[in-house]
Amino acid sequence: QVQLLESGGGLVQAGGSLRLSCAASETIFSIFSRSWYRQAPGKQRELVARISSGGTTNYADSVKDRFTISRDSAKNTMYLQMSNLKPEDTAVYYCAVDLAAGKVWGQGTQVTVSS
């Protein structure tokens with residue numbers, strides 16, 4: 001089974017930047033779409049960013065122009081570059097890959113933004 005391991009979370013100050021990584025245990029080909037989700041306390045999980053097999057990206061309005069999703073196929077790794085972070089960005093962030101058999105989720109990494 002494919003497993004996703006997230007890293008890069010932590011505590012940052014408002015206005016700062018953070019880069020999340022998601023490494024796959026097996027080769028993930030570019031035909032599969034990749035996404036980042038987040039879940040804040042008391043809220044349901046929401047889609048933050050998605051990159052299609054063709055490289056097309058989509059972002060939630062709340063993070064548009066601040067977050068960037070990317071991937072490195074050679075490293076089987078996807079990234080979420082976050083800049084100008086706000087306290088409302090505080091959440092557990094999850095990466096996901098849509099395989100033919102279904103969606104595979106990472107374990108989640110905590111991002112906390114202080115005022």
Side-chain angles (χ1 to χ4, degrees):
Q1 292 183 319
V2 174
Q3 293 184 330
L4 304 178
L5 180 61
E6 296 153 326
S7 62
L11 175 64
V12 298
Q13 294 182 323
S17 299
L18 201 62
R19 186 180 184 87
L20 304 182
S21 299
C22 175
S25 60
E26 301 176 16
T27 299
I28 302 295
F29 297 102
S30 61
I31 61 174
F32 301 116
S33 64
R34 296 147 162 84
S35 302
W36 285 96
Y37 291 76
R38 69 184 181 187
Q39 187 166 24
K43 293 189 175 182
Q44 67 182 56
R45 189 172 300 184
E46 65 172 338
L47 177 65
V48 176
R50 177 181 181 274
I51 183 167
S52 72
S53 60
T56 301
T57 57
N58 292 282
Y59 300 92
D61 289 340
S62 59
V63 306
K64 197 168 298 182
D65 299 323
R66 298 190 298 117
F67 291 10
T68 301
I69 185 172
S70 62
R71 65 188 182 198
D72 187 334
S73 297
K75 297 181 179 180
N76 291 318
T77 303
M78 60 183 293
Y79 305 93
L80 184 67
Q81 177 65 50
M82 305 181 291
S83 62
N84 192 26
L85 285 162
K86 304 175 181 180
E88 51 263 43
D89 293 320
T90 296
V92 177
Y93 284 71
Y94 302 86
C95 62
V97 177
D98 289 317
L99 302 178
K103 190 182 295 294
V104 177
W105 295 92
Q107 83 287 351
T109 184
Q110 177 70 48
V111 172
T112 302
V113 184
S114 62
S115 300

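From a predicted model like this one, the values you see are computed outputs, not experimental measurements. Heavy atoms only: backbone and side chains are in, while hydrogens, waters and symmetry mates are out.
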*asked:* Within the 4.5 Å heavy-atom criterion, are Thr56 and Ile51 side-chain neighbours or not?
replied: no
*Which atom pair, heavy atoms only, marks the closest approach of Val12 to Ser17?*
CG1-O, 4.1 Å
*Look at the side-chain heavy atoms of Ile, Leu, Val, Met, Phe, Trp and Tyr, link any pair under 4.5 Å apart, and say whether Val104 and Met78 land in one connected group.*
no
_Atom CD of Glu26: over 12 foreign heavy atoms under 6.0 Å_ = yes
*Leu18 CG to Ser83 OG distance, which is reported to the nearest 0.5 Å*: 11.0 Å
*Side-chain contact, heavy-atom cut-off 4.5 Å: Leu5 with Gln3?*
no
*asked:* Distance alone, cut at 3.5 Å: any donor-acceptor contact between the side chains of Asp98 and Ser33?
replied: yes
*Smallest separation among heavy atoms of Ala14 and Pro87, with atom names*: CB-CD, 4.2 Å
*asked:* Which heavy atom of Gly9 sits nearest to which heavy atom of Leu20, and what is that distance?
replied: N-CD2, 3.6 Å
*Out of curiosity, does Tyr93 fall in the hydrophobic cluster containing Val63 (side-chain heavy atoms, cut-off under 4.5 Å, transitive links)?*
yes
*Applying the 4.5 Å side-chain criterion to the ILVMFWY set and letting contacts propagate, would Leu80 and Leu47 be lumped into a single cluster?*
no
*Hey, is the main chain of Cys95 close enough, under 3.5 Å, to the side chain of Glu6 for a donor-acceptor pair?*
yes
_Quick one, Ile69 and Gln81 - any side-chain contact, counting heavy atoms below 4.5 Å?_
no
*How about Leu4 and Val97: do any of their side-chain heavy atoms sit closer than 4.5 Å?*
yes
*Any Arg38 side-chain heavy atom under 4.5 Å of Arg45 side chain*: no
*Taking the six-membered ring where the residue is Trp, are the ring centres of Tyr37 and Trp105 under 6.0 Å apart?*
yes
_Thr109 vs Tyr94 side-chain heavy atoms within contact, under 4.5 Å_ = no
*So is Arg19 actually on top of Tyr79's ring, under 6.0 Å and inside 45° of the axis?*
yes
*Should Tyr59 and Leu85 be regarded as members of a common hydrophobic cluster, given that ILVMFWY residues are connected when their side-chain heavy atoms come within less than 4.5 Å of each other, either directly or indirectly?*
yes
*Between Arg66 and Asp89, is there a side-chain N and carboxylate O pair less than 4.0 Å apart?*
yes
*asked:* Hydrophobic cluster membership, with links at side-chain heavy-atom distances under 4.5 Å among I/L/V/M/F/W/Y: are Leu11 and Val113 in one?
replied: no
*Just how far is it from atom OG of Ser35 to atom CG of Asn58, taken to the nearest 0.5 Å?*
9.0 Å
*Ignoring hydrogens and geometry, is there a side-chain-to-backbone donor-acceptor pair from Thr112 to Thr90 under 3.5 Å?*
no
*Starting at CD of Glu88, measure out to OG of Ser62 and round the result to the nearest 0.5 Å.*
8.5 Å
*Please check if atom NZ in Lys103 has more than 12 non-hydrogen atoms from other residues, nucleotides or ligands closer than 6.0 Å.*
yes
